[in-house]
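Working notes for the structure below.
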Amino acid sequence: MEKLKARILGTGRSLPEKVLTNADLEKIVDTSDEWITTRTGIKERRIAREDEALSDFAIVAAKNALDMAGIKPEEIDLVLVATVTADMSFPSTGCIVQHKIGATNAAAFDFQAGCTGFIYGLSIANQFIKSGAAKKILLIGGEVLSKITDFQDRTTCVIFGDGCGAVILSAENEEKGILSTSIHSDGSMADFIEMPAGGSRIPASINSVQQRLHFIKMKGNETFKVAVKRIESACRESLEKANLSAENVRWFIPHQANVRIINAVAERLGWPQETLYINIDRVGNTSAGSIPIALDEVVRDGKLKEDDILLFSAFGSGLTWGSAVVRW
Ligand code: COA
């Protein structure tokens with residue numbers, strides 16, 4: 001039991017077909033390709049159609065991950081979905097996915113930790129596997145943020161994109177898999193990134209709609225200031241827990257919030273550019289979808305070698321932050 005590790009057996013992703021470029025955004029709000037590129041590193045992002053919801057992407061990502069893992073949906077005993085843009089408040093998107101992929105033996109639930117959702121998910125899955133409570137887990141991270149993005153607000157609409165990623169975690173008696181996770185939160189900064197209405201505090205009303213309270217509100221600059229330090233400390237903490245140091249990291253696969261944040265963290269930890277995986281230029285900030293999408297790209301591009309050390313990190317609404325170390 002002690003030696004059980006949660007190993008990633010398969011990965012998958014699914015993104016909308018529609019591309020929204022910086023040039024498109026120049027026609028919608030007062031912004032420029034130059035501002036967006038230099039401040040964030042984003043060139044384009046994917047945007048869902050009006051009739052598409054999170055589960056449409058989650059199902060495809062899950063099936064791709066199952067195919068790669070070579071396991072049947074009936075073998076899954078837990079479906080976890082990290083998101084702030086579920087199909088609806090309830091039932092959970094986890095249950096919708098569980099049914100549609102035929103994971104008939106699985107329990108399913110959604111949870112949210114903003115952009116840190118996937119790291120929280122790795123931590124949750126790790127506990128279930130180490131305790132013996134689950135053997136095969138489908139962990140999905142994804143968002144359809146365009147549905148809660150205010151396309152009149154240039155400070156947020158240039159940042160976010162839609163997309164979903166998934167991994168299959170399996171209990172294995174090997175030295176490979178999740179070596180450590182570290183998760184944190186500080187609700188004193190809860191108003192840094194929020195969607196104020198639609199819950200029990202401000203239920204939907206004509207007023208809430210007129211005041212545009214069903215959209216993301218973000219104090220970007222304040223968030224930026226705390227992000228780098230917290231991400232750095234979480235990375236150091238998870239590496240220490242895994243008895244590793246920064247030099248052991250082959251791939252740093254961070255939440256893609258802002259290329260300047262990624263570079264600042266890399267500089268503090270002494271990682272060269274070839275250690276960083278960056279796809280924010282093509283997909284923008286997909287919150288909980290960000291890391292599993294990036295991971296699937298790395299895996300399917302054949303970039304990983306056996307025993308490579310991967311470090312994931314994220315920071316987001318809550319505020320939440322965290323990091324995880326995986327031996328491939
Ligand atoms: N186009 C052009 N100008 C813009 C703009 C846009 N899309 N958005 C904001 N600006 C302007 C601002 O109005 C401000 O103008 P002013 O100086 O005349 O007041 C100026 O650009 C600088 O704004 P600021 O908010 O200080 O920019 P920034 O360098 O902090 O970059 C973010 C903004 C959002 C890109 C950056 O703060 C960020 O990435 N924050 C972290 C977000 C994050 O990690 N969230 C957690 C995960 S979701």
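Just so you know, these numbers come straight off a predicted model, no measurement behind them. FYI, the numbering just counts along the sequence from 1. Remember, it's 1-based here, ligands and their atoms both numbered in the order they're listed.
For atom 40 (N) of ligand 1, a protein heavy-atom neighbour is found at a distance under 4.0 Å. Protein non-hydrogen atoms do not reach within 4.0 Å of atom 14 (C) of ligand 1. In this structure, atom 18 (O) of ligand 1 is not in close contact with the protein, since no protein heavy atom lies within 4.0 Å of it.
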*asked:* Working note: Lys229 + Glu232, criterion salt bridge (Lys or Arg N to Asp or Glu O under 4.0 Å); need CA distance, chi angles, decisive distance, verdict.
replied: CA-CA 5 Å; Lys229 273 191 201 150; Glu232 181 196 358; over 6 Å; no
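Between the side chains of Glu74 and Thr104, no donor-acceptor pair is found at a separation under 3.5 Å. Ser313 and Ser323 share no donor-acceptor pair across their side chains, judged by distance under 3.5 Å alone. Thr320 and His184 share no side-chain donor-acceptor pair at under 3.5 Å. For Glu44 and Thr21, the side-chain atoms include no donor-acceptor pair closer than 3.5 Å. Under 3.5 Å, the side chains of Glu34 and Ser32 contain no donor-acceptor pair of N or O atoms. A donor atom on one side chain and an acceptor atom on the other are found under 3.5 Å apart for Arg45 and Asn22.
For a threshold of 3.5 Å applied to N or O pairs, the pair formed by Arg39 and ligand 1 contains at least one separation below that value. Distances between N or O atoms of Arg154 and those of ligand 1 include at least one value under 3.5 Å. The distance criterion of under 3.5 Å between nitrogen or oxygen atoms is met by Asn258 with respect to ligand 1. For His255, no nitrogen or oxygen atom sits less than 3.5 Å from a nitrogen or oxygen atom of ligand 1, counting backbone and side chain alike. Backbone and side-chain nitrogen or oxygen atoms of Gly316 are examined, and none is located within less than 3.5 angstrom of a nitrogen or oxygen of ligand 1. Considering backbone and side-chain atoms alike, Asn221 places an N or O below 3.5 Å from some N or O of ligand 1.
Heavy atoms of Cys115 approach ligand 1 to within less than 4.0 angstrom.
The existence of a salt bridge linking Lys43 and Asp33 is confirmed by a sub-4.0 Å separation between a basic side-chain nitrogen and an acidic carboxylate oxygen.
Of the protein's non-hydrogen atoms, the one nearest atom 20 (C) of ligand 1 is Trp35 NE1, 4.4 Å.
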